[in-house]
Protein chains: 2
Amino acid sequence: MATTIKDVARRTGVSHSTVSRALRGNTLISSETTERIRQAAQEMGYQPSAAARSLKTNRTQVLGVIVSSIADPFFGEILNGIEACVQERGYSLFIAASQHDPVKERQIVQTMMEQRTDGVIICSSSFSAEQGRQLLSYGFPVVAVNHQAAENFHYSIYHDDVDGSRQITQHLIALGHRKIAYLGNARSGRTTMDRLSGFTQAMQAAGLEVRQEYIYHVQGGDPALGADSVAYFQQLAVRPTAIVCFNDTLAIGVLKACNQAGIRVPDDLSVTGFDNITYSAFTSPALTTFDQPKYSIGEEAANLLLDLLHTKDDGHEEAERVKVLQGKLLVRASTAAPRPDSQDIHE
Amino acid sequence: MATTIKDVARRTGVSHSTVSRALRGNTLISSETTERIRQAAQEMGYQPSAAARSLKTNRTQVLGVIVSSIADPFFGEILNGIEACVQERGYSLFIAASQHDPVKERQIVQTMMEQRTDGVIICSSSFSAEQGRQLLSYGFPVVAVNHQAAENFHYSIYHDDVDGSRQITQHLIALGHRKIAYLGNARSGRTTMDRLSGFTQAMQAAGLEVRQEYIYHVQGGDPALGADSVAYFQQLAVRPTAIVCFNDTLAIGVLKACNQAGIRVPDDLSVTGFDNITYSAFTSPALTTFDQPKYSIGEEAANLLLDLLHTKDDGHEEAERVKVLQGKLLVRASTAAPRPDSQDIHE
DNA sequence: TTACCTTTTGCACACGTGTGCAGAGATGCT
DNA sequence: AGCATCTCTGCACACGTGTGCAAAAGGTAA
C-alpha cells in the first residue's frame, strides 16, 4: 500500500489537512511547517493519489486522444505535438486507437467517460459522428482534428487540404503536365474530398480537363494499395503523365510499383505525395509532397482544448472556434516536366 | 456533473448499495430489481467513476506504457500488440514518451505513480535503470521489453537479436561477401551490442576478419544518420561490399545516400536492415531485413504483466520470467553476391 | 400465534484528498 | 487586564463507489 497523506501527517505530528495544504503551497500554513512537511513527504516517497484528488476536485488533469492507428507515423507526429504541449501545462494523455472499428470506438468512448477525462481530442478523421455526439452530450469539451464531419464540432483544427492540393496540382501544371490523375483514399471521407476538390479547382483554373477515369479511389492508405493502383493507371488507353496521391504512404507504394514495372519516376511519370512523413524524404526519388504542419496541428489542438478548459470556469463563452493551418509545398525529385514525346490529347 | 450511483438509486427508489451490487452482477439482488436498475442506469446514461472505484478497490485497470518515441513505427507496432491484448482483458493504456530525456523520464515515473497504474511496461530500451528501480521500489509490477539493462528486471520479453544478426550476416557470407561492415546506433545500448555480437560471431565462425574500421556507430536511429554514414564508409581505403545496419531506418538512410552517390544497391553494395518496419518493403530496392515479431512481443509483454497481476493476489510466486522470441530472416532485393572484380583482401 | 429460516435491502463505514469553518494561541492596542 | 486582531492548525464533511453486517420482508412450520 502506498504511503498516504495521513502517514505523512502522523510522522510530522500534524493533521492531514495541514499536510494537504502545505504540499499544495497554501499560504495559510507557516513556512517552517510547510518546509518540515515537504521534507518528510520527500523522505517517505509520498505521491498523491490522482484518483482521490480527482474524485474531490472533479478534474483529472488527463486528456483523452483518439487516433485511428498508433502505428501510423502521421498520427505519431501529431501526438508528439500534443504531448509536448500538454506536458508543459501539467496534463497527461490517455491514448486510444479506434482502428476504424465501430466496436472499439464504443469502448473507447465508454472508457473516456469512466475515466472522466477533462477533455478529448479526436484525431481519427473517420471517427463516428454518433460517438462524437455521445461525448459532447456528456459535457466533454471536444476538439476535432481534420475531422470529416466538421459541422459536428464547434472546436476544431484543420489543415487547409484544398489549398495544399491546389498548390501540388499547380506545380505539376507549371511543369507542363496536362494529363494528371488523382489517387484517393475512399476511407478518409472529407480529407480525400477536399484534396480532390483542390485538384479539380487547379485543373479547371488552368482550363484542363478532369477525365473521369483519372479519378481513382482505393480502400485505405497502405503503401500496398498505392502499389496496386499503378496497374489500374497503366491499363488506361491514355495514360496520365502525373499522379497526385492522397498521401505519402500511397505515393510510396506507387513509387515502388513503378520501380518494379520499369516506369521511371519522374522521367516517365511524376508522382506527388501529401503530408510529408519522415520517410517521404528517403524514397528514390525523394518525394515531392505537401508539408502538413503535423506537430503544430497537435500543439494547436492541445492548446485550444486547454484554453477551453480554463476559460470554461470563468464565464461560459460559447464562441465557435475553428482554426485552419496552412502547409508548404515541398518540391523534391519525384516530379519533372513530362516527356515531350508523351502522347497528347486533343478532342 | 455526471450522474452518479445515487441518482440511479433515487430514481429507482432503492439505496445506492443496491444499485452498486445490481450493476456489478451481485446475486444477492433479486433478478427483477437488477433488471429494473440496469434499465434505469442505461436510460440515465450512468457511467461509473473510475476514480471513485479505484480509490475503493485499489485497482485502476490501467497499465502504463513507456516508449522512447510515439512517432517511431517500430514502437507503434509493439503498442498495437499491447493494446489488442489488454483491451481484450478489460484494461486501458496510459502511454508516455520519454524522448530519451531524463527530465521527461522522471515526470513519467511520477505520473505513473500518481495514477496508481496497475503495472508498467517499459518499451524504451534506453530507459534509465534508476527510474526503473524507482518504479520497482514502489511495488509496481514491471515488464521490460528489449531493455538494455536486463539484470534489473525479473520479468521481461526479449527478441533474440544475437541470433537475428547472426542469420543476417550468415546470409551475406553465403552470398560470397567477405568485407562486411556493421553500422550501429550508439544510443540503443544492449540492443546494438547484441546485434554487433551476432555479427561478430558469424564472421568469426566463417573465419572472416572483423576489421576495426568496419564497425561504425552513429548517435541515433534516424534515416539522416544512416545517410551520413555512407560518406564514412566510402572514404575507407578498402571499402566494404556489404553493410549490416542496426535497423531499418538507418538502412533506409543508407539506401538513399547510395542512390544519390551513384552507388548501386545491391550491385555495388549490399545493405541489410533489422526489425522489418512497414516501409522497408517499399524501398528501392526492397530491403533485406530481419523480421522481429513486434506485434507478438507487445502481446507477450501485456500477457505476462496481466498474468502477473492476477497471480499476485493468490500466492506470491516470485519466479523470474524472461521470454526470448525468435524472428525470421527476410531476403528481399537489397542483397546480392559481391561483384567478382571487387578488390579482395589477403594479408 | 410464535419461532425460525431465506431472501432481499439498507445502514454505515472506508478509500485518500481538499476545504469551509471554528477554534487555539500569539500579539498589539487601549 | 480586557479586548480585538492576526496567524496558524484541526475538525468534520464531501467526492462516488464497494462491502460487512444488521435488519426488514416474506415464507414455512409448529
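Chain A is the first sequence line, chain B the second, and so forth, proteins listed ahead of strands; every chain is numbered from 1. Side-chain atoms are counted along with the backbone in the values below, which use heavy atoms only and exclude waters and symmetry mates.
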Value in whole Å for how far the P atom of D/dG18 lies from CD of B/Q61: 12 Å
Does C/dG18 have OP1 or OP2 sitting under 4.0 Å from an N or O in the side chain of A/S17? no
How many Å lie between CD on B/E114 and P on C/dG18, as a whole number? 10 Å
Would you mind reporting whether A/V145 and A/E300 have side-chain heavy atoms less than 4.5 Å apart? no
Using whole Å, what does the distance between atom C1' of nucleotide C/dC11 and atom NZ of B/K6 come to? 12 Å
Are the side chains of A/T111 and A/F94 in contact, using a 4.5 Å heavy-atom criterion? yes
Residue A/S15, side-chain heavy atoms: nucleotide from C/dA12, D/dG10, C/dC15 that is nearest: D/dG10
Separation of B/I37 atom CD1 from C/dG10 atom P, in whole Å? 8 Å
Non-hydrogen side-chain atoms of B/I95 and A/L79 separated by less than 4.5 Å: no
The correct set of residues in residues 40-52 of chain A placing a heavy atom under 4.0 Å from DNA chain D is none
Counting C-beta onward and ignoring hydrogens, is there a side-chain heavy-atom pair between B/Q292 and B/L325 closer than 4.5 Å? no
Just compare D/dT17, D/dA12, D/dG10 and give me whichever is closest to any side-chain atom of B/K56. D/dT17
Under the 3.5 Å rule, do the base of C/dG18 and the side chain of A/H16 count as making a donor-acceptor pair? yes
Got A/P141 and A/Y155 here, is their nearest side-chain heavy-atom distance under 4.5 Å? no
Minimal non-hydrogen separation, A/E83 against B/A96, with atom names: OE2-CA, 3.8 Å
Between A/S124 and A/H147, what is the shortest heavy-atom contact and its length? O-CD2, 3.5 Å
Partner set under ring pair (Phe, Tyr, Trp, His ring centres under 6.0 Å) for A/Y158, not counting sequence neighbours: none
Give me the residues of residues 19-33 of chain A where at least one heavy atom lies under 4.0 Å from an atom of DNA chain C, by number, or none. A/S20, A/R21, A/R24
What integer distance in Å separates B/R59:CZ from D/dG16:P? 24 Å
Minimal heavy-atom distance between B/S128 and B/E105, with the atoms involved, is CB-OE1, 3.0 Å
